[in-house]
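Each chain gets a letter, A, B and so on, in the order its sequence line appears, and its residues count up from 1.
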Amino acid sequence: MTRDESKLLYAETHEWAEITEEGADKIATIGISAFAIEQLNDLVYMDLPEVGRVLAVGDEFGEVESVKAVSPLYSPVAGEVIEVHSELPDTLERLNEDPLGHGWIIKIRISDDSGIDSLMDYAAYKKQCSEAG
Amino acid sequence: MHQIPALPGRLIPYQAVGGAENMAIDQMLLESVETTGRSTLRLYGWADPTLSLGYFQSVDERWRHSHSSTLAVVRRATGGGAIVHHHELTYSIATLLDSSSIGANQILYDRVHQSMIRALADLGVSATTFGQSGCRLLGDCPFLCFMRRSDNDLVVSGYKVLGSAQRKSRRAILQHGSLLLGASEFAPELPGVSDLTGRSVTIDQIATRFTTHVQNQLSVADGPGVAWEAAGLTPTEQSRAEEILESRFGAAKWTDRR
């Protein structure tokens, strides 16, 4: 199932977040934007956090190795990791085709809304990407 | 395009220390530049021949290479293949980067590798990037870094002599690389610059010239080049490097993480 990129929120560091409500909980599904996937140019490895890990906004939750660089992934929200996409590191070749569907990385039960307000909507994120050149 | 900040920086002169300590210092420099804003170029060697693994390599892969089986092993924070560090000049450069930058910084690769090409040319050695060499290598992904090829690598007579790798943090980037000067008995299949050219290229000779060219390549765009200040680690940096050595690069938990 893919997602509509125009309805997602984005961090400056190119993670996307889909915020949904499940009962009393707010859940953030996190991935890497299509723009970033294209710029990274062939991811070869990915590290995922463990379920149960508690993250603050901006905490590193994983790493990726693309051609010639290892880059951290940063959590755009605060909360507890409740699910990880464990098959993703073995199927990174599918990220280019489907960064918003197959490319989900972790799900976080949000503990604190404060980080959400500083995320960008799609228009703002596109502007950031175009200004980066 | 990813821009490199044009800042006068610091040069840490050549020193050979242990493998884990080398990696701890490089990691500390990546952290430190986010605070100080001051780029650092470091030249170093390895007190003992050492095998370094790429960040995502499995530690068990080392047994694929029998010649290096007796060497101490350290896991880098950068990716790529395994390297036998012996007769080489190693460099690292840590510099600020925009937090929205993504992936590898090609400008840094280009400028540093061009600096090495020029330094080698000063000594009569003709090197080119693999991407410009016209050669193509097909096949499986070898264990050793210097058996792999990417367009940024430097080759002499078709053999890879310089490879580099990058590690990013939120606002900074570390790039380090090894220039093979001579073949090691622990990796006899990999010739160095001296073996390929018949010229004796010493660490002092290449280090001096490389430093000069890096200074010119990474200096203010409209100026002739700004000399970087030669300086060692501050006491705070030394202390932080020791913490990182103990908690990470010198720890079995880090080395054996995969």
Would you say that more than 12 heavy atoms from the other residues, nucleotides or ligands in this model lie under 6.0 Å from the CD of B:Glu61, or not? yes
Could you walk me through whether B:Arg257 and A:Asp47 pass the side-chain contact (heavy atoms from CB on, under 4.5 Å) check? CA-CA 11 Å; B:Arg257 61 188 284 133; A:Asp47 251 358; 3.3 Å; yes
In short, B:Gly103 meets A:Ala69 closest at the heavy-atom pair C-CB, 4.1 Å
Counting only heavy atoms not in B:Phe143, do more than 12 sit closer than 6.0 Å to its CZ atom? yes
Out of the candidates B:Arg76, B:Arg167, B:Gln166, only one should pair with A:Val70 under the side-chain contact (heavy atoms from CB on, under 4.5 Å) rule; please name it. B:Arg167
Check side-chain hydrogen bond (donor to acceptor under 3.5 Å, both in side chains) between B:Ser92 and all other residues, then give those that pass, not counting sequence neighbours. B:Asp26
If you check every heavy atom in residues 55-64 of chain A against those of chain B, which residues fall under 4.5 Å? A:Gly58, A:Glu63, A:Val64
When rounded to the nearest 0.5 angstrom, what distance separates OH in A:Tyr45 from CD in B:Gln57? 7.0 Å
Interface moiety of A:Tyr74 toward chain B, non-hydrogen atoms closer than 4.5 Å: side chain
Quick one: what part of B:Ser150 sits under 4.5 Å from any heavy atom of chain A, side chain, backbone, both or neither? side chain
Can you tell me if B:Glu246 has over 12 outside heavy atoms packed within less than 6.0 Å of its CD? no
Atom OG in A:Ser33, atom CD1 in B:Ile102: separation rounded to 0.5 Å? 6.0 Å
Point-to-point distance, once rounded to the nearest 0.5 Å, from OG of B:Ser101 to NE2 of A:His14: 7.0 Å
Is it true that A:Lys68 and B:Asp151 have a side-chain N and a carboxylate O under 4.0 angstrom from each other? no
Considering only heavy atoms from C-beta outward, does the side chain of A:Pro72 approach that of B:Arg170 to under 4.5 Å? no
Enclosure of A:Glu93 CD (heavy-atom neighbours >12, cutoff 6.0 Å): yes
